[in-house]
Amino acid sequence: MPLTIRNSALNLLANREHTKFELQCKLVAKGFEAREIAIVVQELEKQGLQSDKRFVESYVAMRSKRGFGPIRIRAELCERGVDQELIEQFLSDRKSIWVELAENTRSKKFGREIPGDLREQAKQMRYLYYKGFDSDLIRKLLSNR
C-alpha cells in the first residue's frame with residue numbers, strides 16, 4: 001500500500017510543487033489512510049522530493065509576475081498550509097520589489113498618469129487592495145508626486 005501512496009504522491013509532484021498540506025489532502029481524497037500518508041510525505045520531504053520552501057519560492061514568483069502583492073500572496077499561502085514563519089521570511093526578503101510591482105500593476109491597468117479625480121483614485125485603490133498591496137503603499141503610490 002505505501003508504494004501506491006508514494007507513486008500517487010510522486011505523480012502529483014511531477015505536475016507541480018505541492019505543500020505538505022496540499023499533498024496530504026489530495027492523497028486523503030484518493031482514499032489512502034492518513035497515518036500512511038504522513039509517513040510517505042515525511043519520507044519524500046527527507047529525500048528532497050517535496051519541499052514547502054521550494055513551493056513558496058515558485059508560488060511567490062508566479063503570483064508576483066501576475067501582479068499580486070504580499071497581502072494576497074500571504075493569504076493564499078496560508079490557505080495552502082504553509083508555515084507562517086516561512087511565509088514571513090520569504091516575503092520580507094522581497095520587500096524592495098513590492099513598490100515597483102504595485103506601480104507596474106497600477107500603470108498596466110490604468111496607464112502612467114496618476115489620477116487627480118477622487119473617484120478614479122478610489123477605483124485604483126480598490127483594485128490595488130484586491131491585488132494584495134497594503135494601504136500605506138497604495139496611498140504613497142497614488143499621492144500626487
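Note: hydrogens, waters and symmetry copies are ignored here, and every other heavy atom, side chains too, is used.
- Interatomic distance, T4 OG1 to N11 CG, rounded to the nearest 0.5 Å: 11.0 Å.
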Determine, step by step, whether Q89 and E85 satisfy the side chain to side chain donor-acceptor pair (under 3.5 Å) criterion, reporting the C-alpha distance in whole Å, the side-chain angles of both residues, the deciding distance to 0.1 Å, and the verdict.
CA-CA 6 Å; Q89 172 201 343; E85 200 173 294; over 6 Å; no

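- Rounding to the nearest 0.5 Å places CG of L10 at 6.5 Å from CG of N7.
- A pairwise comparison of heavy atoms in G67 and F133 identifies O-CE1, 3.5 Å as the closest pair.
- When the side chains of ILVMFWY residues are joined at heavy-atom separations under 4.5 Å, either directly or via intervening members, Y129 and L141 end up in a single hydrophobic cluster.
- With sequence neighbours left out, R66 forms a side chain to side chain donor-acceptor pair (under 3.5 Å) with no residue at all.
- Remark: E76 engages Y59, R63, R72, R80 in a side chain to side chain contact (heavy atoms under 4.5 Å, CB included) (not counting sequence neighbours).
- For the pair L77 and T19, the minimum side-chain heavy-atom distance is 4.5 Å or more.
- The line from CD of Q50 to CD of E45 is 5.5 Å long, rounded to the nearest 0.5 Å.
- In this structure, I97 CD1 and S64 OG are separated by 4.5 Å, a value rounded to the nearest 0.5 Å.
- Follow the hydrophobic side-chain contacts under 4.5 Å out from I71 and you never reach M125; the two are in separate clusters.
- Across all non-hydrogen atoms, the minimal contact from Y127 to T105 is CE2-CG2, 3.8 Å.
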May I have the list of side-chain donor-acceptor pairs in residues 109-118 shorter than 3.5 Å, sequence neighbours left out?
unit_1 : atom_1 : unit_2 : atom_2 : d
R112   : NH1    : S107   : OG     : 3.0
D117   : OD2    : R119   : N      : 3.1
D117   : OD2    : E120   : N      : 2.8

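- Annotation: the span from S135 atom OG to R139 atom CZ amounts to 4.0 Å, rounded to 0.5 Å.
- Applying the side chain to side chain contact (heavy atoms under 4.5 Å, CB included) rule to R16 yields the partners H18, E22, K26, F55; only residues at least two apart in sequence or on another chain are considered.
- Here the closest non-hydrogen pair linking S8 and L27 is CB-CD2, 3.6 Å.
- In this structure R54 satisfies the salt bridge (charged side-chain N to carboxylate O under 4.0 Å, His left out) test together with E17, sequence neighbours excluded.
- Just one of L86, I87, D83 meets the side chain to side chain contact (heavy atoms under 4.5 Å, CB included) condition when paired with D52; it is L86.
- A pairwise comparison of heavy atoms in L128 and A102 identifies CD2-O, 3.9 Å as the closest pair.
- Side-chain contact between V82 and F90 is absent, with no heavy atoms from C-beta onward closer than 4.5 Å.
- Applying the side chain to side chain contact (heavy atoms under 4.5 Å, CB included) rule to Q42 yields the partners K46; only residues at least two apart in sequence or on another chain are considered.
- Scanning for side chain to side chain contact (heavy atoms under 4.5 Å, CB included) contacts around E100 gives N104, with sequence neighbours left out.
- Under the salt bridge (charged side-chain N to carboxylate O under 4.0 Å, His left out) criterion, K131 pairs with no residue at all, not counting sequence neighbours.
- With sequence neighbours excluded, no residue forms a salt bridge (charged side-chain N to carboxylate O under 4.0 Å, His left out) with E79.
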